[in-house]
Amino acid sequence: MQKTHTCGELRSSDEGCTVTLAGWVNRRRDHGGVTFVDLRDHTGLVQVVFNPDNSPEAHQDAVPLRIEWVIQVQGVVRKRPAGMENKNLPTGEIEIDVQELVVLNPAKTPPFPINKEEEVDEQTRLRYRYMDLRHERMAKNLVLRHKIVKFIRDYLDQQGFMEIETPILFKTTPEGARDYLVPSRVHPGEFYALPQSPQQLKQLLMVAGMERYFQIARCFRDEDQRGDRQPEFTQLDLEMSFVEREDIMTLTEDLFTNLVKEIVPDKRLLASPWPRLTYQEAMDRFGKDNPDLRFGMELGNISDLAGESGFKVFESVVANGGEVRGLNARGLGDYSRKQIDELVEYVSQFGAKGLAYLAITEEGERRSSFAKFLPPETLQTVIERFEAQAGDLLLFVADQPEIVFESLGRLRVNLADRLELRDPDVLAFSWIIDFPFVVWNEDEKRWDPSHHLFTSPMPEDVSLLDSDPGNARGQQYDMVVNDYEVGGGSIRIHDRNLQEKVFELIGLNPEVAAERFGHMLEAFEFGTPPHGGIAPGIDRLCMVLAGEPNIREVIAFPKNQAARDVMADAPSPVEPKQLRELNLRVVD
RNA sequence: GGUCCCGUGGUGUAGUGGCCUAACAUGCGGCCCUGUCAAGGCCGAGAUCGCGGGUUCGAAUCCCGUCGGGACCGCCA
């Protein structure tokens with residue numbers, strides 16, 4: 001080895017040791033007579049000293065050193081002179097008196113500073129990702145990610161789980177997201193697909209009797225990007241046999257509760273055990289099925305008052321089957337008309353046509369877009385329902401339920417940011433349960449699975465699949481933390497007849513079902529145990545635990561928003577020869 | 001497919017119609033300096049203001065187009 005120690009590990013207890021260190025020049029301070037270099041590796045920094053009194057040769061050799069050069073030094077660990085300690089460094093009690101310096105590799109001036117955290121254009125960061133990853137922040141994130149994955153593996157191993165790899169080249173499933181297709185050279189005109197998740201394969205492992213399976217699984221979806229979505233991402237894919245919903249939730253909750261305590265002890269769990277909300281409750285109280293529970297500001301419903309409110313907007317919406325719901329933004333009662341207009345513009349992108357408001361200033365003065373139309377007793381009921389006081393701002397959306405929930409759910413989070421109600425050190429995990437089994441797809445005029453097509457309905461709701469599918473609930477559970485859905489799972493169907501019934505319900509005709517999922521249906525006839533599982537997203541979880549604003553910060557080599565790798569420049573055109581071999585031709 | 005925001009030395013910013021022959025910090029090069037740790041001091045180099053067109057006596061600045069990036073909507077079983 002070219003080093004005996006890492007840069008970050010030396011302490012005053014190592015005083016007197018002769019050590020060899022290797023790393024990057026983080027910073028250099030040349031005082032003419034004596035030169036200091038902060039030597040960096042991924043474990044941290046240590047100060048190395050080139051003193052001509054100690055080694056004239058090494059001091060001379062250090063003259064040309066520049067930032068990011070890779071060097072090796074041999075020297076003795078010394079306590080720093082009294083008063084010269086650096087309390088900002090874990091290694092600040094000591095320094096290395098260098099005897100010998102070897103330049104392992106010089107370096108060009110980096111494209112952006114490595115030794116300080118500065119917001120650099122993300123394209124430049126991605127183009128030189130190997131340099132970006134030298135930043136302390138990024139190194140920390142990758143270490144955190146490693147620890148999280150290792151904890152998961154160790155924990156599940158102790159619980160009797162086995163990690164099993166499943167194929168990356170698999171079969172297309174056009175029901176879900178768009179597939180990445182891989183042409184087959186030996187089968188012209190035929191394609192593999194990269195898995196959107198190992199869903200089918202893990203269920204087949206249950207058929208195989210594996211009983212407790214997991215995998216840190218790469219998944220691929222050819223959809224447009226977001227701050228929390230990449231075309232390839234990693235999930236903890238987990239499946240168990242002979243279990244009910246409760247078993248999966250208990251195990252998952254225990255896993256992640258222990259993980260947080262062990263890996264991010266500075267973060268506080270808001271509630272343990274995790275709160276459980278039904279889908280309906282989550283929507284009624286928070287307007288979304290991935291609610292941030294770190295703050296209140298719950299939604300309230302005044303649809304019952306709106307019908308005879310005297311306010312035409314409310315009345316006509318309710319008459320047309322819509323709803324009027326609102327929330328109380330405590331502390332924004334002094335918002336100006338302009339600031340309220342900003343909020344209106346914000347909710348407009350979710351389809352809301354406006355916001356009805358009632359603001360009460362700190363002095364108790366009321367301003368409102370609708371109060372004047374309301375009978376005094378009705379207005380009083382509204383005020384009481386939202387416990388409105390001086391300094392409060394009530395905001396209402398009147399529209400079809402989906403728009404009301406979407407607008408207010410987003411507005412609630414937006415307002416919480418303005419009021420700084422979202423404590424970054426708190427983790428509010430929760431479970432959302434009792435999802436509708438299917439949702440009506442108005443465009444296609446059919447029922448779509450609300451989770452995926454292998455999810456089992458609640459046993460007591462199976463009869464509803466024929467009579468009233470919209471009211472059937474699925475055995476599905478979502479794991480939510482701080483406004484992010486970080487995992488979804490379900491108890492699966494293990495009965496061929498029920499699976500076929502579900503295919504029929506969602507409008508998959510039997511021939512297509514047989515072609516795409518025949519292997520699943522067949523497997524169900526060979527003694528499939530009751531089973532279920534969950535798939536928490538590793539990237540999102542790392543992002544939340546690292547306190548990062550987007551998923552790219554916890555992925556070593558992410559794609560940009562256009563799904564492009566700007567470092568390697570992928571995707572890229574290929575040689576005509578490759579296309580010929582694959583029997584492909586590019587049109588257009 | 002759509003909406004919004006951003007492109008100024010290597011990096012981060014300022015400049016929003018003439019005072020710009022483009023400023024500041026940092027980085028880069030050179031010189032000085034034996035205890036700094038964002039070391040310090042002095043000197044120097046470095047930008048056709050993303051690109052193309054237009055308006056104007058005059059454009060980094062206004063307009064149109066285009067390219068690149070980001071946030072979001074659609075999409076994400």
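Excluded from the calculations below are hydrogen atoms, water molecules and symmetry mates; all remaining heavy atoms, backbone and side chain alike, are included. Source: prediction; values computed, not measured.
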Minimal heavy-atom distance between A:Phe454 and A:Gln499, with the atoms involved, is CD2-OE1, 3.5 Å
The correct set of residues in residues 487-494 of chain A placing a heavy atom under 4.0 Å from RNA chain B is none
Sequence neighbours excluded, the answer for side-chain contact (heavy atoms from CB on, under 4.5 Å) partners of A:Asn88 is A:Asn86
Taken in chain and number order and not counting sequence neighbours, the residues that satisfy side-chain contact (heavy atoms from CB on, under 4.5 Å) with A:Pro64 are A:Trp69
Worksheet item: Which part of the nucleic acid, if any, lies within contact of A:Pro113, taking any heavy atom under 4.0 Å across all strands shown: a base, the sugar-phosphate backbone alone, or nothing?
Response: sugar-phosphate
A:Glu95 meets the side chain to side chain donor-acceptor pair (under 3.5 Å) criterion, sequence neighbours left out, with A:Gln47
A:Gln47 near the nucleic acid: base, sugar-phosphate alone, or nothing, with a heavy-atom cut-off under 4.0 Å?
base
In numerical order, the residues of residues 82-92 of chain A whose heavy atoms come under 4.0 Å of RNA chain B are A:Met84, A:Glu85, A:Asn86
Under a 4.0 Å heavy-atom cutoff, the residues of residues 56-76 of chain A touching RNA chain B are A:Arg66, A:Ile67
Assign the ring pair A:Phe170 / A:His519 to parallel, tilted or perpendicular, where the plane angle (0 to 90°) is split at 30° and 60°.
perpendicular
With sequence neighbours left out, the residues meeting ring-ring contact (aromatic ring centres under 6.0 Å, His included) with A:Tyr346 are A:Phe350
Within residues 554-570 of chain A, those residues having any heavy atom closer than 4.0 Å to RNA chain B are A:Asn560, A:Gln561
Contacted region of RNA chain B by chain A, from 5' end to 3' end of the hits, cut-off under 4.0 Å to heavy atoms, spans B:G1 to B:A77
As its Watson-Crick or G-U partner within any shown strand, both distances under 3.5 Å, B:G52 has B:C64
| query | Is the closest basic N to carboxylate O distance between A:Asp222 and A:Arg178 below 4.0 Å? | reply | no
Practice item. May I ask you to say what A:Gln199 touches in the nucleic acid, namely base, sugar-phosphate or nothing, with a heavy-atom cut-off under 4.0 Å? Key: base
* To do: Pick base, sugar-phosphate or nothing for A:Arg178, based on heavy-atom distances below 4.0 Å to the nucleic acid.
  => sugar-phosphate
Checking N1-N3 plus N6-O4 or O6-N4 for Watson-Crick, or N1-O2 and O6-N3 for wobble, each under 3.5 Å, the partner of B:A25 is B:U11
query = Ion pair present between A:Asp97 and A:Arg78, side-chain N to carboxylate O less than 4.0 angstrom?
reply = yes
Check: Just checking A:Glu95: base, sugar-phosphate only, or nothing, at a heavy-atom cut-off of under 4.0 Å?
Finding: base
Residue pairs meeting salt bridge (charged side-chain N to carboxylate O under 4.0 Å, His left out), one or both in residues 31-49 of chain A, sequence neighbours left out, come to A:Lys3-A:Asp41, A:Arg29-A:Asp38, A:Arg40-A:Glu68
Sorted by chain and number, sequence neighbours left out, side chain to side chain donor-acceptor pair (under 3.5 Å) with A:Arg496 holds for A:Glu500, A:Glu525
Whether A:Thr455 side chain and A:His451 backbone form a donor-acceptor pair below 3.5 Å: no
Answer for the Watson-Crick or wobble partner of B:U3, both distances under 3.5 Å, is B:A71
dist A:Lys108:NZ -> A:Ile67:CD1 (nearest 0.5 Å) comes out at 16.0 Å
d(A:Gln475 CD, A:Ile248 CD1) to nearest 0.5 Å is 11.0 Å
What residues 213-232 of chain A contributes to the RNA chain B interface at heavy-atom separation below 4.0 Å is A:Arg221, A:Glu223, A:Asp224, A:Arg226, A:Gly227, A:Arg229
| Is A:Ser197 touching bases, backbone alone, or none of the nucleic acid, heavy atoms closer than 4.0 Å? | base
